[in-house]
Structure formats: structure tokens, C-alpha cells
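Model, not experiment: these values are computed from the prediction.
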Amino acid sequence: MTRSLCLISVLLASAASAEAQGDPAGAPTTSREDEIAGEGASQGRGETLSPPPLAEGEPPPGAQPEAAPQKKGPPWAGPQEIDFSVETRLTLIAPTDLREGRARLGVGRAALKVGASRFLGPVKLSLSGGFERSRYDFQEPDDLPSDFSPGRGEPFDELSTLRLQLGALSFLTRTWSASLFVSARAGFETGADLERSISLALFLSAGYSFSREFTLTFGMGVLTRIEDDALVIPAIGFRWTPTEWLRVEARGPQLLVSAEFEEWSATFLLGFDNRQFRLDDRRSALAKHVVEDQRVSASLELAWRPSEWLVLGATGGVALYQELRIRDSRGRSVETLRADPTPFAGLRLELVF
């Protein structure tokens, strides 16, 4: 997998998940026709009005059952209430062999995300923020390539990510919608320069509903990167709902297939994740360097919604491709590590009110 393909996938996922999330391309695939009918994104928490998690972050949450009986008329015709959500995730990626040297690597992650959204007429505004802590556990780190760990021992261990995202979705006609999303992310090791750890993303896109069942989105995205050039690329996605209980959706580099059955739902996800972190400035080696974590994963989440305000989910999957890349302060690649496929598991709890 080339570096350019991975970076393009990052942009398409930004929005960033997330997932997300963590978030994820830039636009939701909800039509105004769906909203007026009381179907689609306005009733299923699995079809949020924000783009996929920052592609960098954890996989997006699975689809969830519709929370309320169908209502007549568009959602903005009623009381303009604010919807809040709080979500936490735990993920464990099993240790696996690195192809360069004899070292092994396992990763554990804990994430918290909060969000709010509200209709102002036919425009839905959303705001979300999150924090993720990643623990990289290198076994036999002395066998890592010298350029990757010049001081010998673990090159890094605990890395953090902060995310903030603003979004606006406007229903223009019965078939057309437009969306704008802006996000900021800071990936850093404790002791790193936080201001130089920030990357920004902006997505502007339009959606067209060919029918109640199929919506296509298309637009452009711009992303800045830590110690690297910015990217400008197209952002394309779709949502297809052939039945009331089945949904197929493409969010940039993530393909989701979701099935909903009353209180239960199942979501299959095939997607790409990317995270970037600035390392501690006080290091004698690798100071001001950037580490980039890229993964392609396939997973299945089973979610249970016992009430309108609570969702519990369990995920199992396989990290099909894993790559860690170190870049210096000039953006030049210093060393790359690739890992064998390995299983992972996760838990999710979401509160909606």
C-alpha cells in the first residue's frame, strides 16, 4: 500500500472516525425526502449528521434501531430541541510480529466523545469533541531498527489525540442538500509542542437523492498535516437502504453494512484508520519527529439498545494491514514498520439524551 493512497484515505475519512471516531467522506447521505417522511438520519443514531470519524481515529459506531415512532412532517417543524450524546470506547489490539526485526507490538485505546446537535429551520448544526489515549506496547524493543529507535528501548508508549468538529447540513429541496464540516485534531506525546501538533480539515459537499433508497454525495476536502504538505481531494459517498432494516453506506474509505432488528443491530465495517502524533520535544533522539499509524481493518459490531437513551456494543475484528512511519521535522520519512495481521476487540457505551 503506497503512502499516497493511505493519505488520500485519511482525507476521505476526516472529518474526522470516527470514530471513531473515533470521526471518518465529508457529507452525510441523508436526503430531505427521508427527513420529511420521518425516516433516515433523523431517527437512527447510527446515521449521524456528521462525517465519518477523522480517519484517524477509531471505527464509527454501528447502526442502532430507530428511537421513536415515525412522525409526520420534517423534524424542524416541531420544538427546536438540542440532542446530546456521550460515548466511550475501549479497544485492545492483540500483540503481533513486526516484519522489521524481531519485536512485537500491541496497542490499547480508550476514547471519550461528546456531541450536540440542533435544527434551526431546515439547517441542522452539530458540534462534537473527543479525547483518545493510545498505549503502544513494544515487546523486545531492542530488536527494532536503529533508525526507528535510535536510543534503544521503546521509541514511544502513550500518545494522545484531541478532536473538535463543527458541522452544518442544509436541506435545499426535496432532492438536494448541502453540508459544510470543519474539524481540528491534535495528536501528541506528553511534552510535545501542542501548537505544532494540530491538523485541520474542511469539507464542502452536496447530496442528491435519486430516490428514498439511494443518495449520492460529492464534494471537495482540504486537510493540513503535521510536517507535511496539505491535500486537496474529492470526497464521494453514498447511502443505499434497500429495505427498512438494511443499510449499505460508503463514508470515504469506510464501507458499512448495517442490519437493525428491534432492540438489536449488527454492523460490518471495512475501513482505513490514520493517526498522526508529534513526539516529545525533550527526547535526545526522535525529538520533534512525527509518528503516523495507518491501519486497514475489518470488524463486526453487535449493539443492544434496551432504552432510548442507552446503547451497549461489542466489537470483534482483524487488523488486516498495519504500518508505523516515522517522519522528521522536514517531513522526510525516517523509518517504516509493518505488522502482521492480528485480531482486536472493543466495547462501546453510548448515552443519548
(Q) Test of understanding: clusters of I, L, V, M, F, W, Y form through side-chain heavy atoms closer than 4.5 Å, transitively. Do Val291 and Val334 belong to the same one? (A) yes
Q.
Suppose we screen for side chain to side chain donor-acceptor pair (under 3.5 Å). Which residues come up paired with Ser134, at least two apart in sequence or across chains?
A. Arg109
(Q) Run the side chain to side chain donor-acceptor pair (under 3.5 Å) test against Asp157 and tell me which residues pass, sequence neighbours left out. (A) none
Q: Anything under 30° is parallel, anything over 60° is perpendicular, the rest tilted; go ahead and classify Phe210 against Tyr208.
A: perpendicular
Q. In chain order, what residues pass the salt bridge (charged side-chain N to carboxylate O under 4.0 Å, His left out) check against Arg118, with sequence neighbours excluded?
A. none
Q: Quick one: name the residues clustered hydrophobically with Leu92, using the 4.5 Å side-chain heavy-atom rule over I, L, V, M, F, W, Y, and just say none if it's on its own.
A: none
Q: Give a yes-or-no answer on whether the side chains of Thr267 and Ser258 include a donor-acceptor pair shorter than 3.5 Å.
A: yes
Q. Does Asp193 have any side chain to side chain donor-acceptor pair (under 3.5 Å) partners at least two apart in sequence or in another chain, and if so, which?
A. none
Q | Parallel, tilted or perpendicular: ring planes of Trp264 versus Trp304, cut at 30 and 60 degrees | A | parallel
Q.
Going by ring pair (Phe, Tyr, Trp, His ring centres under 6.0 Å), name the residues that satisfy it together with Trp309, two or more places apart in sequence or in a different chain.
A. none
**Q.** side-chain contact (heavy atoms from CB on, under 4.5 Å) partners for Ser170, two or more places apart
**A.** Val123, Leu172
Q: Output all residues satisfying salt bridge (charged side-chain N to carboxylate O under 4.0 Å, His left out) with Asp137, sequence neighbours left out; order by chain, then residue number.
A: none
Q | Partners meeting salt bridge (charged side-chain N to carboxylate O under 4.0 Å, His left out) with Glu335 (sequence neighbours left out) | A | none
**Q.** Set of salt bridge (charged side-chain N to carboxylate O under 4.0 Å, His left out) partners for Asp281, sequence neighbours left out
**A.** none
Q) Given a cutoff of under 4.5 Å between side-chain heavy atoms of I, L, V, M, F, W and Y, with clusters grown through shared members, what are the other residues clustered with Ile198? A) Leu200
**Q.** Hydrophobic cluster (4.5 angstrom, side-chain heavy atoms) - remaining members for Ile226
**A.** Val290
